[in-house]
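Below is one structure; the comments refer to it alone.
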Amino acid sequence: MKAVFGERQNRHAPSRYLRYGNVGDYPESPERVKRLIEGATKAGLELIAPRAFALDHIAEVHTPRYLDFLQNGFAQWAALPGAHAEMVPSVRPVEAPAEYPRHILGRAGWHIMDFAGAVTADTWDSALTSAFAALTAADLVLAGAPAAYALCRPPGHHAYAERAGGFCYLNNAAIAAQYLRRAHARVAVLDVDVHHGNGTQAIFYARADVLTVSIHADPAHYYPFFYGYADQRGSGAGEGCNLNLPVPVKGGDEVWQQALGAALERIRAFAPGALVVALGLDAHEADPLAGGGVTTAGFAEMARMIAAAAEMPAVLVQEGGYLTPVLADNLATFLRVFAARA
Ligand SMILES: [Zn+2]
């Protein structure tokens, strides 16, 4: 089994994170990659670099003006007198009607939904390479590999068609799912990150060809707060093709495995040709974001459950999972199960 990662993914490194009004260190740090590579290596995966893809594959998921903002917006920002090295919004549109603005401060407000979506001079390069990692892993699976792992950093599942936030810029899991649709009539995305995959939900919300399932800490008490509720089930043709399984904050192994059982039942009924696992490891009990209460043994059982129930080829896409002494072990635990069948 192969792991895909490109060095350029580590250039993006914002310095500031807002927690309860305090400015602190940005948890989604390049240091994460060292530990994730260590985890992939421990599981016996071969590390390869992503190849480049046409932007068209990314534009199937993200809007042209958003891609232009990510690619060129920072240069406009940097031309503002005294602009900080990290572009963050200071004003956001909240009510319709709202007009798409020309000024970069307005565009930043339109395209960045929270303080955890800073754009630096390197963000586009890193986010694009991260998306290429997801596409390369999807390509491996389309070529016959039973599973492949994309070490995506920055992560992607909070990114909307035209909105960054929650450390995410391009929605790698959605881009991989869309790419897999080339060969499969139906694709499912299973998101086990401790946070709801709100961007992924929104991207496919009205579609019947991509099932989105997310297990996450109850948004009534946890980020992303506005999305991830059980009654958000999809719309139009996509009605019933979005399944949210919120669990109590710090719920622990048993409630996560129970929710996973329900998730896998829904996925089996949907009968997808391929599966994308949005693999957040931040549900671990030691994670600094402290929302899941899952143990390392719990992750192993979750991986076994997924591998046993979902026999279709799988693309594992890294989402969250922050610095803990066991981050590498948690990833290795998960990947070993899939490597064994590859
Ligand atoms: Zn997360």
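As the structure lists them, so they are numbered: ligands from 1, and atoms in each ligand from 1.
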The Zn ion (ligand 1) to His195: nearest N/O/S atom name: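 Considering only N, O and S atoms, His195 comes nearest to the Zn ion (ligand 1) through ND1.
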For the Zn ion (ligand 1): the N/O/S atom of Asp282 at shortest distance: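 Atom name returned: OD2.
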Mind checking whether [X] and [Y] have ring centres under 6.0 Å apart?
X: Tyr223; Y: His158; value: yes
X: Tyr322; Y: Phe167; value: yes
X: Trp110; Y: Tyr100; value: yes

Flag side-chain contact, heavy atom, 4.5 Å: Lys2 against Glu46: yes
Near the Zn ion (ligand 1), is there an N/O/S atom from His158 that is less than 2.8 Å away? no
Under 2.8 Å from the Zn ion (ligand 1) - does any N, O or S atom of Asp193 fall there?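 Short answer: yes, at least one N, O or S atom is under the cut-off.
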